[in-house]
Amino acid sequence: MSLPQPVPPSWKDLGKSSNDLLGKDYPFHGTSLEVKTKTPSNVAFKVGGNRDSKSGVIAGDIEAKYTDKKNGLVFTETWTTSNALKSQLELENYLAKGLKLDIATSLTPDKGQKSALLNVVYKQSGVHTRGAFDVFKGPTFTTDTVFGRDGFLFGAETAYNVTEGKITRYAAAIGYNAPEYAVTVHGLNNLKTFTASYYHRVSADVEAGAKAVYDTKATTSGVALEVGTKAYLDSAAFVKAKINNSGVLALGYTQALRPGVKASFGLALDTQRLNEISPTGPTHKVGANIVFES
């Protein structure tokens, strides 16, 4: 008798461990600040701001989220400094176990832009499937499914333009997840771009990972490669480092200053241009992120 299979990750979360290791906690693109608070009535507020180091543009948003865990209801309202109004309504495990309904809308009155996305997610033992209908773009229907068994994962995604009556995008992926490591291979952009990612928890304090990308339509030949690692200094701090085959070295340091206060610092260095003065601006980047949460 076979054991019950766990719910596999969603399509967008295939290779998540490697993507998080190589993509998160490197705030070298600018300086950002986040303040998060919660009320006894299950309403959470978040205010965030970011200054882009390249353009100098400052952007921010304020978010209010109401959560009703008993009924699986989450309602989120966001207002950004670009005057975009975003709303999201989520209902999970209410109509049926494993079923989640999600409606996300956005309106920018100044530019006359609007969007509406209807999502349906269904997950059970060994399967995780999603469907999304973009009302104003196309309209387009996108669906993806991931099957999992004994650690092996098989997934596929496709997008169908209703107006044109044709498939506009498709992709596939295979992977294997174990407690200490994960391997994932994607075929994206109509199987024209291929990625392979690897994640390994070497020990309780050290993680390592790598990602390779091969684009058959790229103007430059070869494979883009990036490798990285993360090391916990103690229970309140960790450092991260990564480097790609273009010679860009990125460093990140995150420290919990006290309960509810976290600071992250990032630095990116172009090792091939350490002694070069760029006429178009600085080659290297530095940034910081501070989060206050109550």
Side-chain angles (χ1 to χ4, degrees), residues 9 12-38 44-65 76 78-82 86 181-182 197-211 213 224-271 273-274 278 281-294:
K12 65 183 180 69
D13 287 337
L14 289 176
K16 185 178 186 299
S17 298
S18 176
N19 291 334
D20 287 351
L21 179 67
L22 298 173
K24 287 187 174 181
D25 305 309
Y26 292 103
F28 53 75
H29 292 293
T31 304
S32 60
L33 173 68
E34 277 189 11
V35 179
K36 304 176 182 179
T37 60
K38 294 181 180 179
F45 295 95
K46 183 179 74 171
V47 180
N50 177 75
R51 182 186 183 276
D52 185 82
S53 58
K54 184 177 180 180
S55 64
V57 174
I58 298 177
D61 61 71
I62 180 170
E63 176 186 286
K65 177 183 289 187
T76 307
T78 307
W79 190 19
T80 73
T81 52
S82 59
K86 302 178 181 179
Y181 68 93
S197 62
Y198 171 73
Y199 169 84
H200 184 198
R201 180 175 286 278
V202 181
S203 66
D205 298 325
V206 179
E207 302 172 25
K211 185 176 183 178
V213 180
L225 179 64
E226 189 174 43
V227 296
T229 186
K230 176 180 181 180
Y232 290 89
L233 304 179
D234 53 42
S235 60
F238 62 83
V239 293
K240 298 181 74 173
K242 66 177 181 178
I243 190 170
N244 60 30
N245 62 312
S246 297
V248 178
L249 171 67
L251 304 172
Y253 173 73
T254 298
Q255 173 76 53
L257 303 178
R258 53 170 292 179
V261 182
K262 182 177 70 172
S264 300
F265 305 92
L267 173 67
L269 299 171
D270 190 338
T271 59
R273 305 173 66 183
L274 289 177
S278 175
T283 302
H284 316 302
K285 302 176 182 177
V286 63
N289 172 252
I290 300 177
V291 178
F292 295 91
E293 185 170 4
S294 64

*asked:* Among residues at least two apart in sequence or on other chains, which ones pass side chain to side chain contact (heavy atoms under 4.5 Å, CB included) with A250?
replied: Y26, F28, K242

*Considering only heavy atoms from C-beta outward, does the side chain of Q255 approach that of K262 to under 4.5 Å?*
no

*Within the side chain of K46, is there an N or O that forms a donor-acceptor pair under 3.5 Å with the backbone of V35?*
no

_On a heavy-atom basis, which atom in G228 and which in L22 lie closest, and how many Å separate them?_
N-CD2, 3.5 Å

*From CA spacing to verdict: side chain to side chain contact (heavy atoms under 4.5 Å, CB included), L233, V239*: CA-CA 7 Å; L233 304 179; V239 293; 3.9 Å; yes

*Do the side chain of T81 and the main chain of G60 share a donor and acceptor less than 3.5 angstrom apart?*
yes

*Check I243 against G247 and note the closest heavy-atom contact, atom names and distance.*
CG1-C, 4.5 Å

*From R51 CZ over to I58 CD1, what is the distance, rounded to the nearest 0.5 angstrom?*
6.0 Å

*Rounded to the nearest 0.5 Å, what's the gap from CG on L249 to CG on D270? Could you check?*
10.0 Å

*Is the closest side-chain heavy-atom distance between K36 and K38 below 4.5 Å?*
no

*asked:* Closer than 3.5 angstrom, by distance alone: can the side chain of N244 be matched with the main-chain N or O of V248 as a donor-acceptor pair?
replied: yes

*Any pair with a residue in residues 245-265 that passes ring-ring contact (aromatic ring centres under 6.0 Å, His included), sequence neighbours left out, goes on the list, sorted by first then second residue, please.*
none

*Is a side-chain N or O of S32 found less than 3.5 angstrom from the main chain of N289, in a donor-acceptor match?*
no

_Strictly distance-based, threshold 3.5 Å: is any side-chain N or O of H284 a donor or acceptor partner for the main-chain N or O of L267?_
no

*Give a yes or no answer on whether the side chain of K86 reaches the backbone of T76 with a donor-acceptor pair at less than 3.5 Å.*
no

*Which pair of heavy atoms, one from S18 and one from A210, lies closest together, and at what distance?*
OG-O, 3.4 Å

*Quick one: side chain to side chain donor-acceptor pair (under 3.5 Å) pairs with a partner in residues 201-211, sequence neighbours left out?*
N19-K211, Y199-E207, R201-E207

*For the side chain of T254 and the backbone of S264, is there at least one donor-acceptor N/O pair under 3.5 Å apart?*
no

*Rounded to the nearest 0.5 Å, what's the gap from CD on E226 to OG on S246? Could you check?*
9.5 Å

*asked:* Evaluate D25 against F238 for side chain to side chain contact (heavy atoms under 4.5 Å, CB included), listing each step before the verdict.
replied: CA-CA 10 Å; D25 305 309; F238 62 83; 3.7 Å; yes

_Interatomic spacing from CD in E293 to CD in E34 - rounded to 0.5 Å_ = 9.0 Å

*Distance (rounded to the nearest 0.5 Å) between W79 CH2 and I62 CD1*: 9.0 Å

*Which pair of non-hydrogen atoms, one from A208 and one from V202, has the smallest distance, and what is that distance?*
CB-CG2, 4.3 Å

*Do D13 side-chain atoms and K16 backbone N/O form a donor-acceptor pair below 3.5 Å?*
no

